[in-house]
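Structure, as structure tokens:
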There are 2 protein chains.
Amino acid sequence: MKRPPSIREVAQLAGVSLGTASNVLNHPERVSTATRKKVEAAIDELGFIPSEAGRRLRRVDSKLVGVIVFDVANPFFSEAASAIEAYLAQFSCFPVIGSTGGDPTREADLLRLLLGQEVRGIILTPSSGAAESLKLLSSRRIPVVLFDHPALEDGMSAVSVDDTRGAEIAIEHLHSLGHRHIGFINGSARVRQAQARRVGVERSARASHNELTLTEVHAARFDAASGEKAMHELLTSHPEITGVFCANDSLAIGAMRAARQRNLGIPQDISIVGFDDIDVARELITPLTTVRQPMTELGTTAAQLLLEQPAHAQDIAFVPELIVRESTAPPRSWRI
Amino acid sequence: MKRPPSIREVAQLAGVSLGTASNVLNHPERVSTATRKKVEAAIDELGFIPSEAGRRLRRVDSKLVGVIVFDVANPFFSEAASAIEAYLAQFSCFPVIGSTGGDPTREADLLRLLLGQEVRGIILTPSSGAAESLKLLSSRRIPVVLFDHPALEDGMSAVSVDDTRGAEIAIEHLHSLGHRHIGFINGSARVRQAQARRVGVERSARASHNELTLTEVHAARFDAASGEKAMHELLTSHPEITGVFCANDSLAIGAMRAARQRNLGIPQDISIVGFDDIDVARELITPLTTVRQPMTELGTTAAQLLLEQPAHAQDIAFVPELIVRESTAPPRSWRI
DNA sequence: TTGAAAGCGCTAACAG
DNA sequence: CTGTTAGCGCTTTCAA
């Protein structure tokens, strides 16, 4: 790989000193128009692009922002990542992306690598065992925004969605439609989101004056295959169930498939509510009623907080919104 | 932001010279165990992480790989990006991601910015007007792998899928099931993929000994809403159509929705074939028959070619594969 | 307005 | 095996 042209060569070609060439780039007002033109001509001729590495050595802000998430291929994260990328682009910044798969060790490794890259800051979805990593970060005083996670003690900003409230409105919706026997297909009890959503479900149940009978099952993973399996379990053990809340849209898609395999109409025989509102939720044959997480706003806000660094850490919790589509309706017993 | 500890401070704390500390990091075998221990202790105590900026100045390979695609949120790209990220991670490398939205100007800007970051190489999905950008790249002799695009003259490696062949097998499938009147919902005629897929459709039509009547319509965008609209047009103007090939899965999802709105059974009344095989294709209520593009292999191969830099540029075209699911069947007229 | 020179963190070449 | 030193590309004093 040929060595790219340096600012020294630019200066030489333009017949000025290195410092003057640098001024053309960083303080053009200090340079006379004539010399500026000369230098710019040299820059064009050589195809000179300033090296960020050299620049960073002088402690100029990096244009790289680390983004560490659970899994980039997951639509929830890829939609958010897309928004982060778009926001950063306005400032000529780039996301440098890594996935942890939920492994705290991997998370710590990624963090070290990103710190080595001297990123300007890090947007992080912390795993449960992330205490160690977070200590590393605070000791470095590098800007961090927690993503899809409420704020922790240490004065880092955070953006998240009120998972508990989201689950609550999902159950309220089924309740108000007239459903009394409700299934809840949750993810692994170890992940924070699953725990928070369960709290919301329980809160709704209590608020219903004991009108509701709730049955929770845990899917192995947050995907459609697990949702399908969990739905079959649920319907076999509790055939009285008429409404099901799934902890994300992929699980809900699997649940719909299971219902269909049993010749149950959606929503005639069984209502299904998802969580996330990924792009395809509205595109399904039976468009999915779901609790919308504003992925784009989450991503944009996280990027904004990172770049702007408000004086005080912000803990922003977005309010989830119920999007009613065609997968929910009153149970048969309530219809004429 | 506090200045992070430098290797100089490490050396000082360990009571050795700067060069020795450097050797501990880069050539540990040259250092005695005793001093190595001392230095490692100092590294731990200070939380020292070597600066990639300083390192890169010495022309050490960068750990950053630029990835420029059309749109990160598009499942085709996000699945590939995930594979790229996973492959790079094995070498402690990271993708630095940018989206062009198909704008050649934006593409050129992103390229300049990435070159400024001194990335180790670039994985690029070139837009149609990318000639200028590519010239910039070849003049820099920076490793480039074209993604989802066949190789161009200039000796860059490329990974892509044989779009023409993919369209061909889709039409062959419908033909062999007995369909004679076939609709083709294509994307904008300006994008290369749409052009290539049309060629495949035409080739199949010719190979059928004029048994096939094909009708092409162009959707405005590659999304479900456009597919739905196009499908309605198609079925209104050509009610004899029994099979439809869509240039991607999102269009196919929209087409399915349109068919359903018209009370047409899939596949009883109309067969639908997609293209891509995105994750949800198999999860739809009627799982979609589609032409699979191996996104994971595409991403992995691109990353591998970039890091390994084979002596000669490779132009790798993956062979698409027909995945038959439940959205296709013989037309009514062929059944008993 | 311009030029000269120091120095950011690091690696490698060389000397001891 | 260890220390010394030059220099990567750049920005920023400081002097002229």
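No experiment lies behind these values; they were computed from the predicted model shown. Letters A, B, ... are given to chains in the order of the sequence lines, protein chains preceding strands, and every chain is numbered from 1.
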List the atom of [X], the atom of [Y], and the distance in Å for their closest heavy-atom pair.
{"X": "B/Val65", "Y": "B/Leu306", "result": "CG1-CD2, 3.2 Å"}
{"X": "B/Ser62", "Y": "B/Val119", "result": "OG-CA, 3.9 Å"}
{"X": "B/Leu46", "Y": "B/Pro5", "result": "O-CG, 3.4 Å"}
{"X": "A/Gln117", "Y": "B/Glu52", "result": "NE2-CG, 3.5 Å"}

Atom-pair distance (CD on A/Glu118; C1' on D/dC10), nearest Å
14 Å
Using whole Å, what does the distance between atom P of nucleotide D/dC8 and atom CZ of B/Arg59 come to?
9 Å
Can you confirm whether [X] sits close enough to [Y] that some side-chain heavy atom of one is under 4.5 Å from a side-chain heavy atom of the other?
{"X": "A/Thr300", "Y": "A/Ile84", "answer": "no"}
{"X": "A/Met295", "Y": "A/Phe76", "answer": "yes"}
{"X": "B/Phe222", "Y": "B/Val191", "answer": "yes"}

Parallel, tilted or perpendicular: which fits the ring planes of A/Phe70 and A/Phe77, with parallel below 30° and perpendicular above 60°?
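Parallel.
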At a heavy-atom distance below 4.0 Å, which nucleotide of DNA chain C is the first touched by chain B, and which is the last?
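Footprint of chain B along DNA chain C, 5' to 3': C/dG9 to C/dA12.
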May I ask you to decide whether A/Asp163 forms a salt bridge with A/Arg192, counting only side-chain N to carboxylate O separations under 4.0 Å?
yes
Could you tell me whether A/Arg3 and A/Glu9 make a salt bridge, using a distance below 4.0 angstrom between a side-chain N and a carboxylate O?
yes
Near DNA chain D, which residues from residues 9-17 of chain A have a heavy atom under 4.0 Å away?
none
What residues in residues 34-57 of chain A put a non-hydrogen atom under 4.0 Å from any atom of DNA chain D?
A/Phe48, A/Pro50, A/Ser51, A/Gly54, A/Arg55, A/Leu57
How sharply is the helix from C/dT1-D/dA16 to C/dG16-D/dC1 bent, taking the axes over five pairs at either end and rounding to 10 degrees?
40°
Closest-nucleotide 5' rank along DNA chain D - winner of B/Glu29 and B/Arg8:
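In this pair, the answer is B/Glu29.
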Give me the distances for all protein-to-nucleotides 12-16 of chain D N/O pairs that come in under 3.5 Å?
{"from": "D/dT12", "atom 1": "OP2", "to": "A/His27", "atom 2": "NE2", "distance (Å)": "3.3"}

Under a 3.5 Å distance rule, please check whether A/Arg140 uses its side chain to pair with a backbone N or O of B/Gly47 as donor and acceptor.
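Yes; judged by distance alone, with no hydrogens or angles, the pair exists.
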Has A/Ser82 got a side-chain atom pairing as donor or acceptor with A/Ser78's backbone, closer than 3.5 angstrom?
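Absent.
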Kindly indicate, with the supporting measurements, whether the criterion side chain to side chain donor-acceptor pair (under 3.5 Å) is fulfilled by A/Glu29 and A/Asn23.
CA-CA 8 Å; A/Glu29 74 285 356; A/Asn23 277 333; over 6 Å; no
Side chains of A/Glu107 and A/Ser127: donor-acceptor distance under 3.5 Å anywhere?
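The criterion, which ignores hydrogens and geometry beyond distance, is satisfied for A/Ser127 and A/Glu107.
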List the atom pairs, donor and acceptor, that lie under 3.5 Å between side-chain atoms in residues 92-99 of chain A and the rest of the protein, sequence neighbours left out.
{"from": "A/Ser99", "atom 1": "OG", "to": "A/Val72", "atom 2": "N", "distance (Å)": "3.2"}
{"from": "A/Ser99", "atom 1": "OG", "to": "B/Glu85", "atom 2": "OE1", "distance (Å)": "3.1"}

